[in-house]
Chemist: 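Structure incoming, see below.
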Amino acid sequence: MFRSRSAARPSMSVRTRFAPSPTGFLHIGGVRTALFNWLLARHHGGRFILRIDDTDQQRHVDRAVSLILDGFRWLGMDWDEGPEVGGEHGPYFQSQRGQLYQDAVQKLMAAGVVYRDYSTEAERAADKAAAEAEKRAYRFRRKPLTNAQLSQYEAEGRPFALRFEVPPGRTLVLDDQIKGRVEMKTDEVSDFVIVRPDGSPLYNFASVVDDAEMRITHVVRAEEHLSNTFPQLLLFEALGYPLPTFAHVPYVAAPGSKKKLSKRDGAVGLHEFINDGYLPEGMLNYLARLGWSYDDSSEIFSKAELIEKFTLDRVNSSPASHDPDKLYWIQGEWMKTADLDRKVRLTAPYIHHADAWTAYDRGRKDRKEYPASAEDQEILPFLREPAEVSDAEADRFKAVIEALGDRLKLASDIVKLARYFFTEELTYDPDAVKKRLKKEGVPEILADIEALLAEVEPFDLATLEDRIKSYAESRGEGIGKVVNAVRVATTGQGVGPGLYDCLVILGRESCIRRIAQTRRMLAESSS
RNA sequence: GGCCCCGUCGUCUAGAGGUUAGGACACAGGUCUUUCACACCUGUAACACGGGUUCGAAUCCCGUCGGGGUCGCCA
């Protein structure tokens with residue numbers, strides 16, 4: 001495939017931007033595009049700008065903007081100019097940049113490249129229908145108007161949109177950093193509206209004015225904008241703006257498919273991964289590797305390494321599918337690097353709100369429509385504030401987390417993996433009960449172990465291991481049978497940390513109580 | 001339908017005329033082991049198809065098929 005060589009602006013400082021429309025929802029595909037912009041800027045020591053594309057007035061919602069900003073903050077993608085931080089090229093909301101657009105309109109009118117379009121929606125609809133019937137593309141072209149008509153329209157104050165008059169017979173060339181050289185004949189480009197009758201600018205126009213006025217040097221955006229680029233090229237030219245470098249990033253496909261990833265494909269919103277307890281490092285690493293590679297073997301990259309190594313020429317020109325398995329694996333690799341204190345802070349909220357978490361998790365899996373509600377786009381309330389953990393509680397968390405080791409991949413995993421350490425209420429996994437407890441001799445073994453635990457001294461790892469092993473030996477029983485029976489009897493679960501770790505953390509009294517309870521349960525179910 | 005983009009294991013990718021087509025995730029088997037996870041070893045698995053060009057094609061050209069985008073007074 002064709003790849004352009006690096007951009008021809010070594011002396012100019014790189015400025016990139018991400019321009020979301022304020023819906024509040026951060027699709028991971030969009031986040032990846034933002035990440036590429038951010039990495040490119042940081043790699044070159046340039047600036048990353050955030051701009052809110054809210055030309056469609058009613059779409060501007062404050063909450064939505066803060067949701068977006070929170071997502072960026074969570075990932076550690078800081079912006080040099082934009083909402084909250086300001087900057088020299090503001091304002092950073094399109095809805096507040098009216099004057100800039102008006103000035104640009106004046107320039108275009110003076111240059112004679114725009115005209116008033118008095119067409120009605122009905123007329124355009126008819127033309128479109130006709131084009132479709134003839135199986136050809138719909139292209140708007142200027143309709144000749146007599147002077148009499150014109151002055152009549154003006155006199156009656158008929159509303160008009162402003163359209164750019166696309167010059168015929170030219171070939172537009174785009175040297176895209178990801179897609180390579182792409183050409184488009186102007187005859188394929190419709191005369192496009194730049195300003196609505198109410199004076200508000202349209203995306204293709206506003207975006208060019210903003211990118212130019214904000215001195216954006218590299219426009220890195222979703223592939224769906226590739227064909228938008230050609231009318232934009234015409235605007236850059238007519239306005240006398242220098243052309244930025246363009247790079248169009250392929251879309252993210254659904255898992256195991258080449259179809260574009262959509263909300264129907266499960267978790268696609270950044271907030272969902274935050275809710276699951278993914279680490280920003282893991283998310284960043286995964287997203288960067290989705291469509292980008294450094295060499296033939298590197299997979300794990302820290303933020304600093306990404307900044308150092310990211311270049312556009314290593315971005316793939318074909319779509320990549322989202323791979324939740326790989327994300328989970330990368331996350332696991334990063335979780336291994338988190339220290340104990342951080343893991344405590346990360347996991348505590350899930351234990352403190354285990355029921356709320358379970359309900360959320362289950363509800364999400366059951367839902368048919370997405371999003372089920374507005375709250376569905378939010379970060380879980382108990383994750384928004386730092387968890388309060390007393391010293392004593394922290395000690396227990398530390399013991400549990402150490403025992404869990406690499407089993408803990410997601411912060412929320414603590415609920416399914418270790419909830420029994422934090423509640424005396426035993427919940428049995430039916431499969432584990434069947435496999436480990438409904439066996440010949442298990443009631444006797446449990447009775448013996450219960451007695452053993454009551455008198456073993458000291459109640460520590462080495463002694464427990466020693467005593468239980470010799471017990472199994474004396475009974476002529478495989479150690480596995482004893483260990484697994486005791487595991488299920490004390491934790492209710494078939495899997496977990498090493499048994500002796502579990503026993504020590506639980507403590508003598510709790511172990512005895514649990515085994516007694518399990519023995520009663522077994523006795524009842526067998527009678 | 002017109003125009004434009006894309007097509008290497010199931011997935012992420014390496015690959016820029018000559019490779020036993022490499023790595024990773026997932027999967028399968030094994031070692032370790034009290035379960036699971038980790039670690040380690042092994043294995044299954046790909047150049048969409050068809051024509052060219054060339055001594056030689058995953059790499060270049062054309063076509064077909066498939067996927068995507070766009071054809072808005074949405075962004």
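Residue numbers begin at 1 in each chain, while the letters A, B, ... track the order of the sequences.
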Chemist: Determine, step by step, whether A/F36 and A/F310 satisfy the ring pair (Phe, Tyr, Trp, His ring centres under 6.0 Å) criterion, reporting the C-alpha distance in whole Å, the side-chain angles of both residues, the deciding distance to 0.1 Å, and the verdict.
Modeler: CA-CA 8 Å; A/F36 286 180; A/F310 182 82; 5.2 Å; yes

Chemist: Of A/E224 and A/R136, whose nearest nucleotide on RNA chain B comes first from the 5' end?
Modeler: A/R136

Chemist: Identify whether any heavy atom of A/L226 sits under 4.0 Å from a base atom; if not, whether one sits that close to sugar-phosphate; answer base, sugar-phosphate or nothing.
Modeler: sugar-phosphate

Chemist: Give a yes or no answer on whether the side chain of A/S207 reaches the backbone of A/N204 with a donor-acceptor pair at less than 3.5 Å.
Modeler: no

Chemist: Base, sugar-phosphate, or nothing for A/H248, non-hydrogen atoms under 4.0 angstrom?
Modeler: nothing

Chemist: Once you apply the 3.5 Å cut-off to both distances, tell me the Watson-Crick or G-U wobble partner of B/U54, or none.
Modeler: none

Chemist: Above 12 or not: heavy atoms from other molecules or residues under 6.0 Å from CD of A/E156?
Modeler: yes

Chemist: For A/W292 and A/F301, I'd like to know if the aromatic rings sit close, meaning centre-to-centre distance below 6.0 Å.
Modeler: yes

Chemist: Expressed in angstrom and rounded to an integer, what is the separation of A/Q94 atom CD from B/C74 atom C1'?
Modeler: 12 Å

Chemist: Write down the distance between CZ (A/F205) and P (B/C74), rounded to a whole number of angstrom.
Modeler: 15 Å

Chemist: Keeping A/S298 on the side-chain end and A/Y294 on the backbone end, is there a donor-acceptor pair under 3.5 Å?
Modeler: no

Chemist: Looking only at atom P, what distance separates B/G63 and B/C74, rounded to whole Å?
Modeler: 36 Å

Chemist: Say whether, by atom type as modelled, one donor and one acceptor occur between the side chain of A/T33 and the main chain of A/G29 under 3.5 angstrom.
Modeler: yes

Chemist: Examine the base of B/G23 for any acceptor or donor lying under 3.5 Å from a partner atom in the side chain of A/E299, and report the outcome as yes or no.
Modeler: yes

Chemist: Paired with B/G43: which nucleotide, if any, by Watson-Crick or G-U wobble criteria at under 3.5 Å for both distances?
Modeler: B/C27

Chemist: How is A/P250 classified with respect to the nucleic acid when contacts are heavy atoms under 4.0 Å: base, sugar-phosphate, or nothing?
Modeler: nothing

Chemist: Select base, sugar-phosphate, or nothing to describe what A/Y251 touches, counting heavy atoms under 4.0 Å on all strands.
Modeler: sugar-phosphate

Chemist: With rounding to whole Å, what would you report as the distance between B/C5 and B/G22 at their C1' atoms?
Modeler: 28 Å

Chemist: Between atom CG in A/D127 and atom P in B/C73, what is the gap in whole Å?
Modeler: 12 Å

Chemist: Would you indicate what A/G498 reaches in the nucleic acid, counting non-hydrogen atoms under 4.0 angstrom: base, sugar-phosphate, or nothing?
Modeler: base

Chemist: Would you please confirm or rule out a distance under 4.0 Å between OP1 or OP2 of B/C38 and any side-chain N or O of A/K409?
Modeler: yes

Chemist: Relative to the 5' end of RNA chain B, which residue comes earlier, A/R163 or A/A320, by the nucleotide with the nearest heavy atom?
Modeler: A/A320

Chemist: Categorize A/S321 for me: base, sugar-phosphate, or nothing, with a 4.0 angstrom heavy-atom threshold over every strand shown.
Modeler: sugar-phosphate

Chemist: Look at the side-chain N and O atoms of A/K336 and state whether any lies under 4.0 Å from the OP1 or OP2 oxygen of B/A39.
Modeler: yes

Chemist: Under 4.0 Å, counting only non-hydrogen atoms across every strand here, what does A/P497 touch: a base, just sugar-phosphate, or nothing?
Modeler: base

Chemist: Taking the minimum atom-to-atom distance to the side chain of A/K128, which one of B/C73, B/C6, B/U13 wins?
Modeler: B/C73

Chemist: Please classify the nucleic acid contact of A/K185 as base, sugar-phosphate, or nothing, using heavy-atom distances under 4.0 Å.
Modeler: nothing

Chemist: Is A/R314 near enough to B/G15 that one of its side-chain N or O atoms lies under 4.0 angstrom from OP1 or OP2?
Modeler: yes

Chemist: Side chain of A/R314, backbone of A/S293: donor and acceptor closer than 3.5 Å?
Modeler: yes

Chemist: In whole angstrom, what separates A/K416's NZ from B/A37's C1'?
Modeler: 11 Å

Chemist: To the nearest Å, how far apart are A/E333 CD and B/A39 C1'?
Modeler: 11 Å

Chemist: Would you say A/R196 reaches B/C74's phosphate, i.e. side-chain N/O to OP1/OP2 under 4.0 Å?
Modeler: yes

Chemist: Between B/C3, B/U34, B/C73, spot the one nearest the side chain of A/L499, thanks.
Modeler: B/U34

Chemist: So which protein nitrogen or oxygen atoms get under 3.5 Å of nucleotides 25-28 of chain B's nitrogens or oxygens?
Modeler:
unit_1: B/C25; atom_1: O2'; unit_2: A/K326; atom_2: N; d: 3.4

Chemist: When you look at CD of A/E134, are more than 12 heavy atoms from neighbouring residues, nucleotides or ligands closer to it than 6.0 Å?
Modeler: yes

Chemist: Return no unless some side-chain N or O of A/K260 is found under 4.0 Å from OP1 or OP2 of B/U70.
Modeler: no

Chemist: Report which part of the nucleic acid A/S119 touches: base, sugar-phosphate, or nothing (heavy-atom distance under 4.0 Å, all strands).
Modeler: base

Chemist: How is A/D296 classified with respect to the nucleic acid when contacts are heavy atoms under 4.0 Å: base, sugar-phosphate, or nothing?
Modeler: base

Chemist: Answer yes or no: is there a side-chain heavy-atom contact under 4.5 Å between A/L522 and A/L446?
Modeler: yes

Chemist: Just name whichever nucleotide pairs with B/U70, Watson-Crick or G-U, keeping both distances under 3.5 Å, else none.
Modeler: B/G2

Chemist: Check whether any side-chain N or O of A/R407 sits under 4.0 Å from OP1 or OP2 of B/C38, and answer yes or no.
Modeler: no

Chemist: Let me confirm one number: the OG1-CD1 distance from A/T347 to A/I401, rounded to the nearest 0.5 Å.
Modeler: 3.5 Å

Chemist: Taking OP1 and OP2 of B/U34, is either one under 4.0 Å from a side-chain nitrogen or oxygen of A/R436?
Modeler: no

Chemist: Whole angstroms only, please: what is the CZ-C1' distance between A/R487 and B/A37?
Modeler: 11 Å

Chemist: Is A/E183 touching bases, backbone alone, or none of the nucleic acid, heavy atoms closer than 4.0 Å?
Modeler: sugar-phosphate

Chemist: Contact class for A/N204 vs. all strands (heavy atom < 4.0 Å): base, sugar-phosphate, or nothing?
Modeler: nothing

Chemist: Using both distances under 3.5 Å as the test, list the Watson-Crick or G-U wobble partner of B/A21, or none.
Modeler: none

Chemist: Provide the distance between the two C1' atoms, one in B/C36 and one in B/A75, to the nearest whole Å.
Modeler: 48 Å

Chemist: Could you check how far NZ of A/K439 sits from P of B/U35, rounded to whole Å?
Modeler: 15 Å

Chemist: Using a heavy-atom cut-off of 4.0 Å across all strands, would you classify A/G496 as base, sugar-phosphate, or nothing?
Modeler: base

Chemist: Please report the distance, rounded to the nearest Å, between CZ in A/F160 and P in B/C73.
Modeler: 16 Å

Chemist: Across all strands, who's sitting opposite B/C65 as a Watson-Crick or G-U wobble pair, both distances under 3.5 Å?
Modeler: B/G7

Chemist: Check for me whether the distance between the ring centres of A/F164 and A/Y115 falls short of 6.0 Å.
Modeler: no

Chemist: Is the closest basic N to carboxylate O distance between A/E213 and A/R97 below 4.0 Å?
Modeler: no

Chemist: So, is A/K259 close to the B/G68 phosphate, meaning a side-chain N or O under 4.0 Å from OP1 or OP2?
Modeler: yes

Chemist: If we take the P atom in both B/G68 and B/U42, what is their distance in whole Å?
Modeler: 40 Å

Chemist: At 4.0 Å (heavy atoms only), tell me whether A/F230 reaches a base, stays on the sugar-phosphate, or touches nothing.
Modeler: nothing

